Each structure stands twice: as C-alpha cells, then as structure tokens.
Amino acid sequence: MNNRPSPSFLNRERIIVAAFFAIFIFLLYQAARLVTPFVTSIIWAAVVVIVLYPLYEKLRICVKGKENLAAGLMTLFTLVLVIGPAVLLFMLLTAQAADLYTAAADFVQSGRLTELWNRVKTSTMGYMLSYPFLAELDVKSRIIKGLSDLSTAVAGQLGALLKNILLAILDLFIMLFVIFFFFRDGKKYTVELVAILPFPEGQKKPVMEKLVNTFSAVINGLFLVALFQGIMTGLGFFIVGVPFPVFWGFLTCIASLLPVGGSALIWVPGALYLFFTGSTTRAILLLIWGVVLVSLPDNFLRPLLIGRKAKLPTFFLFLGILGGIQTYGILGILFGPLVVTLLTAFLQIYREEYAER
C-alpha cells in the first residue's frame with residue numbers, strides 16, 4: 001500500500017510559473033498602453049516596409065552590406081517619394097472635399113440639376129425612372145444629401161489631421177523612425193517572433209510563410225491595384241474636365257476594393273454626367289478610358305499580384321472592408337481586409353495542423 005502523500009497543487013514550481021506569467025501579462029499590458037497612441041504610425045510603417053523591402057535588399061547589396069546606410073537611404077526615399085506626395089495629395093483631397101458641397105449646392109440653385117434631370121428623363125434611362133418604385137424616390141435630394149454627407153465626412157477626417165499639425169508631425173517622425181529600424185532589423189524581429197511562436201519547430205516555418213504570403217497578397221493584390229485604379233480614374237477625369245478629379249480618384253480607390261461594381265461605380269457615373277451635360281465626345285473618351293485603362297487591367301493585375309498565395313473569400317472580404325472602415329476609419333480600408341485574410345490563414349493552419357490530426 002502506497003502511503004506517500006499526493007503532490008500539492010500549489011507547489012513551489014507552479015507558484016513561480018504563475019508569478020512569472022502574471023508579471024509577464026502585466027508588462028505586456030503596460031507595453032500595449034505605451035504603444036497604443038502610435039499604433040497607426042507603426043502599422044503604416046510596417047506596410048511601407050513590406051512593400052519596399054525587396055528594393056531595400058537590392059540597395060543593401062549595392063552598398064556592400066552597410067545596413068545603416070541602406071536603411072537611411074530607403075527612409076529618405078520613403079519620405080521624399082512616398083510620404084511627401086501622399087501628404088500633398090491629402091491636402092488637395094481635403095480642399096476638394098470641402099468645396100464639393102458648395103459646388104453641389106450651386107449646381108442645384110442655378111437650375112443646372114433640374115436641366116440635367118430633365119435630360120435624363122427624356123433619354124433611354126427615362127424608361128427606367130418611370131417604374132413606380134423609382135418614380136416615388138426623391139433622387140435629386142438624395143444625390144445632394146449623399147454628396148454633402150460624403151464630402152463632409154472626408155473633409156472632417158482629413159481636416160482633423162491638418163488641424164492637429166503638431167500631432168501629425170510627431171506621427172510622421174515616429175513613422176520614419178520605425179521605418180528605419182524595420183528596414184534595418186526587420187528580419188531579426190521576424191526570426192525572434194518565429195522563435196517564440198507556440199508551435200513545434202516543424203510547424204513554425206509553414207505558419208510564417210502562410211502569414212507572410214497572405215499579408216503580401218493583400219497588399220499587392222488589393223491596395224496596389226486600388227491605388228493604380230484611383231490614379232488612372234483621377235487622371236481620366238482631369239483630362240476630360242470632370243470637376244474634383246482628386247476626390248473622385250480617392251473614391252475609386254475605395255470602390256475598387258469592393259467585390260461588386262468596383263471602380264466602375266465611379267467612372268461610369270462620370271461618363272454619364274458628361275453625356276447628359278452635352279459633352280458626348282468627352283463622355284465616350286472617358287468610357288473608353290475607364291474600360292481600357294481602369295477596369296480591364298484589374299482582370300490580369302489582381303490575379304498576377306495575388307497569384308496563388310492567398311485565397312480571399314469575396315463575401316468576407318466585402319464585410320472586412322465595410323466593417324474596417326466603420327471600426328477603424330480610413331485605416332480600416334487596410335486593416336479590415338488584413339484581419340479577414342489573416343483569420344483565414346489561421347483557420348487553414350488550424351485545419352491542416354490540428355483538426356485533421
């Protein structure tokens with residue numbers, strides 16, 4: 001008969017482990033509080049570095065492995081050719097968004113909206129507007145209210161950034177600081193992160209590869225294409241004389257992320273506006289521009305950039321974009337789809353590594 005006492009639940013080893021994790025969680029919480037005010041700058045810095053890191057690798061070879069020099073040159077390159085134009089673009093976008101409501105109100109008061117509406121009714125589209133459920137809609141008021149709300153929201157978001165100029169400069173400095181160290185030590189941080197992942201050694205590499213592939217697929221396949229379509233739409237609007245081309249180009253960037261309609265939700269109404277205002281030639285030119293240089297490249301650019309790295313469920317991607325904008329503001333355009341795709345990657349990892357076993 002074994003009369004040895006059973007081991008106590010609260011032995012010395014378990015108390016030490018519990019104390020360690022309690023202190024560790026407390027320190028993580030305090031670190032999160034320190035980083036939270038700058039998390040937006042850190043996220044954007046990470047995105048910039050991920051996109052430009054292949055260029056950094058080539059530059060580091062050119063400077064014979066001098067990491068500080070290569071990281072410094074890439075940070076300067078980012079400031080001059082990426083952040084600088086982006087700041088100027090946002091300033092111009094703010095001005096156009098603020099002027100849009102004034103222009104829309106003037107368009108109504110001058111009677112031009114009524115004239116345009118009458119032309120629409122007498123055109124082929126007039127048959128569509130004759131349906132009872134469409135005829136009962138006060139389309140004119142809804143258009144003006146929609147433009148007013150849209151311009152006010154965008155101007156408010158971007159205007160707040162310009163008003164808090166000191167905070168914006170601080171965020172820019174922090175972003176550049178983080179970009180430098182992400183370029184220089186990014187691989188070291190990745191190795192250390194892989195080392196502390198709670199997975200067996202044989203699973204760590206596949207896990208990180210799937211996460212990196214998913215992240216790069218989202219950046220390259222979604223946002224670079226969206227940026228391209230926004231630039232091409234804004235340029236096309238500028239060439240044919242549609243007002244506020246920067247504003248509409250920005251909206252095209254957002255619309256191109258949507259799985260239904262995409263960039264055509266912006267440039268098709270632009271072509272219709274030109275057509276019904278009597279600029280038939282310019283409307284045809286914008287229509288050709290939109291089809292050939294905006295929407296058509298999406299059919300081969302997106303698959304080419306995404307490849308087979310990540311499968312993006314259309315339904316969840318759509319919810320991610322809308323939910324991201326609602327939850328995180330402008331940053332949600334980036335963060336929402338990333339959350340969805342990273343969750344998809346983790347679900348795939350769980351299914352392959354755990355559920356099937």
Side-chain angles (χ1 to χ4, degrees), residues 20-21 23-83 86 170-224 305-307 309-310 331 334-335 337-339 341-346 348-350 353:
F20 169 80
F21 279 103
I23 297 173
F24 183 55
I25 293 173
F26 173 77
L27 292 176
L28 287 177
Y29 171 72
Q30 294 300 326
R33 293 183 61 188
L34 295 175
V35 173
T36 298
F38 316 111
V39 66
T40 301
S41 300
I42 295 173
I43 291 174
W44 282 117
V47 171
V48 169
V49 170
I50 289 173
V51 172
L52 298 179
Y53 199 81
L55 182 60
Y56 164 77
E57 288 283 298
K58 295 179 181 178
L59 180 61
R60 186 171 60 85
I61 295 174
C62 293
V63 296
K64 300 179 180 180
K66 297 178 181 178
E67 295 181 345
N68 286 327
L69 178 59
L73 291 175
M74 284 301 302
T75 304
L76 181 62
F77 170 84
T78 303
L79 175 62
V80 174
L81 297 179
V82 178
I83 298 178
L170 177 61
D171 288 340
L172 177 60
F173 174 78
I174 293 172
M175 183 177 175
L176 292 173
F177 181 80
V178 174
I179 285 174
F180 174 84
F181 284 99
F182 277 1
F183 273 127
R184 194 189 71 175
D185 303 323
K187 279 194 173 180
K188 298 176 185 177
Y189 297 154
T190 303
V191 171
E192 293 177 0
L193 177 62
V194 171
I196 63 174
L197 284 177
F199 300 110
E201 289 298 325
Q203 296 177 354
K204 288 183 179 181
K205 185 176 179 180
V207 166
M208 289 306 300
E209 285 180 351
K210 290 173 183 177
L211 294 182
V212 170
N213 288 340
T214 300
F215 192 90
S216 62
V218 172
I219 297 297
N220 295 329
L222 290 179
F223 298 102
L224 292 184
L305 293 173
I306 294 178
K309 289 184 176 181
L331 186 63
L334 169 70
F335 200 59
L338 285 182
V339 170
T341 49
L342 291 177
L343 176 60
T344 303
F346 266 97
Q348 182 180 355
I349 292 167
Y350 171 78
E353 303 294 341

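Just so it is clear, the model here is predicted, and its values are computed rather than measured. Below, each value reflects all heavy atoms present in this structure, side chains not excepted, and no hydrogens, waters or symmetry copies.
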Considering residues at least two apart in sequence or located in another chain, which fulfil the ring-ring contact (aromatic ring centres under 6.0 Å, His included) criterion with [X]?
X      : value
Phe182 : none
Phe77  : none
Phe177 : Phe181

Applying salt bridge (Lys or Arg N to Asp or Glu O under 4.0 Å), name anything that partners Lys58, two or more places apart in sequence or on another chain. none

Please, which pairs that meet side-chain hydrogen bond (donor to acceptor under 3.5 Å, both in side chains) have at least one residue in residues 26-36, sequence neighbours excluded?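 Qualifying pairs, neighbours excluded: none.
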
Sort and list the pairs that fulfil side-chain hydrogen bond (donor to acceptor under 3.5 Å, both in side chains) and have at least one residue in residues 69-82, not counting sequence neighbours.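 Found none.
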
Any side-chain heavy atom of Ile83 sitting closer than 4.5 Å to one from Val48? no

Just wondering, do Val49 and Tyr56 contact through their side chains at under 4.5 Å, heavy atoms?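 The answer is no, as the side chains (C-beta and beyond) never meet within the 4.5 Å cut-off.
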
Spacing of Phe20 atom CZ and Ile25 atom CD1 [to the nearest 0.5 Å]: 10.0 Å

Inter-residue atom distance Ile42.CD1 - Ile179.CD1, 0.5 Å rounding: 11.5 Å

Donor-acceptor list for residues 66-74 side chains, cut-off 3.5 Å, not counting sequence neighbours:
{"residue": "Asn68", "atom": "OD1", "partner": "Arg184", "partner atom": "NH1", "Å": "3.0"}

Tyr53: partners by side chain to side chain donor-acceptor pair (under 3.5 Å), with sequence neighbours left out: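 Partners of Tyr53 under the side chain to side chain donor-acceptor pair (under 3.5 Å) test: Glu57.
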
